[in-house]
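Here is the structure we will look at.
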Amino acid sequence: MIIITKPSLLEEYIERQRALGRLTGFVPTMGALHAGHLDLVRTSATQCRETVVSIFVNPTQFTDQGDFNKYPKTIEKDILTLESTAATVLFLPSVEDIYPNGLSGLEHYDLGPIETVLEGRFRKGHFQGVCQVMNRLLHIVRSDRLFMGQKDYQQCLVVSRLLELTGSSTLLIRCPTVRDPDGLAMSSRNLRLTPEQRLRAPLIYQMLTEAKKDLQSGADSTDTQRKALETLEKAGFRPDYVEIADALTLQPPHDQEKQLPRVILVAAFLGEIRLIDNLLV
Ligand code: AMP
């Protein structure tokens, strides 16, 4: 694996691979790597000759400065971890490399209704930040494929919209959520849970599984949502939302059309750590 920090060098490298007819896969991350990230790398390597992993904690997608400052940084360990994977390039740009003209007055994307529901409602501007960084990274990496996790369900839909808006030829591949054996979705933020919180955290997945079962046996969305919220609140979580949504639009589902794919999405605080997860129905 080679480590590249300068965008122009990565552009040259990718250009050479393209000239050799090699497919490039891209796995953007914010580091503090775990098995969820590594699964994306593995999937990319099964489809592409080159796999570029980026580690960049993007300041423009954080709506809480404290969360940005405390975001786990384990770069030495991440490099060692990636050395033993199929990643061929690690891209480590600085904030100045990605935003050479500074962080103010950045472009705005018309993402439609998907921007303001769920995560967008509680983290205003978050998805503009995601698009700002993704568009810059994709411009540098120009990958054939982009591998992202279903763990960030709404983010996948937003990036898919970005690719459409920018006329990108990159193909987005959505990969399943990787979980710890007790069901907790892997996340870099899990590192910040206290041992006691870590023991309680899998309740989110248990609640999702229960809600999915209820919906599949014909339960009403509103009742299922109420029960899920109660379960979390009783156990000391502070949910931002539990929503059952149309899996394609993230708008409220029509209860008469129960055969359409739906998704249950949750965001909840445990102490000061905000956890998100989702399950397709
Ligand atoms: P992050 O470093 O949190 O920005 O995540 C980088 C990529 O890894 C995103 O596409 C995430 O959706 C994906 N990812 C994060 N956690 C998981 C997980 N538990 N399973 C699968 N993909 C994940």
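Both counts, for ligands and for their atoms, begin at 1 and track the order of listing. Being a predicted model, the structure only gives us computed values, none of them experimental.
The closest approach between any non-hydrogen atom of Thr177 and ligand 1 is below 4.0 Å. Judged by the shortest distance from any of its heavy atoms, Cys156 lies outside the 4.0 Å radius around the atoms of ligand 1. Not close to ligand 1: Ala35, with no non-hydrogen atom less than 4.0 angstrom away. Heavy atoms of Gln150 stay at 4.0 angstrom or farther from ligand 1. The shortest separation from a heavy atom of Tyr71 to ligand 1 is under 4.0 Å, placing the residue in contact.
Aromatic ring pairs are classed by plane angle as parallel below 30°, tilted from 30° to 60° and perpendicular above 60°; the pair Tyr99 and Phe56 is tilted.
No close placement of the Phe237 and Phe269 rings is indicated, their centers lying 6.0 Å or farther apart.
In summary, Arg189 and Asp67 engage in a salt bridge, as defined by a charged side-chain N under 4.0 Å from a carboxylate O.
The heavy atom nearest to atom 16 (N) of ligand 1, out of those in His34, Met30, His37, Arg179, is found in His34.
Each of the following atoms of ligand 1 lies closer than 4.0 Å to a heavy atom of Asp152: 11 (C), 12 (O). Contact atoms of ligand 1 toward Pro28: 6 (C), 7 (C) (distance under 4.0 Å to a heavy atom of the residue). Of all atoms in ligand 1, numbered sequentially from 1 with element shown, those under 4.0 Å from a heavy atom of Met186 are 16 (N), 17 (C), 18 (C), 19 (N).
Between Gln17 and Arg49, the side chains place no donor N or O within less than 3.5 Å of an acceptor N or O (distance only, hydrogens not considered).
Contact annotation: for Pro176 versus ligand 1, heavy atoms closer than 4.0 Å belong to the backbone alone.
In terms of polar-atom proximity, Ala185 is not counted as a contact of ligand 1, lacking any N or O under 3.5 Å from an N or O of the ligand.
For the pair Val242 and Leu232, the minimum side-chain heavy-atom distance is below 4.5 Å.
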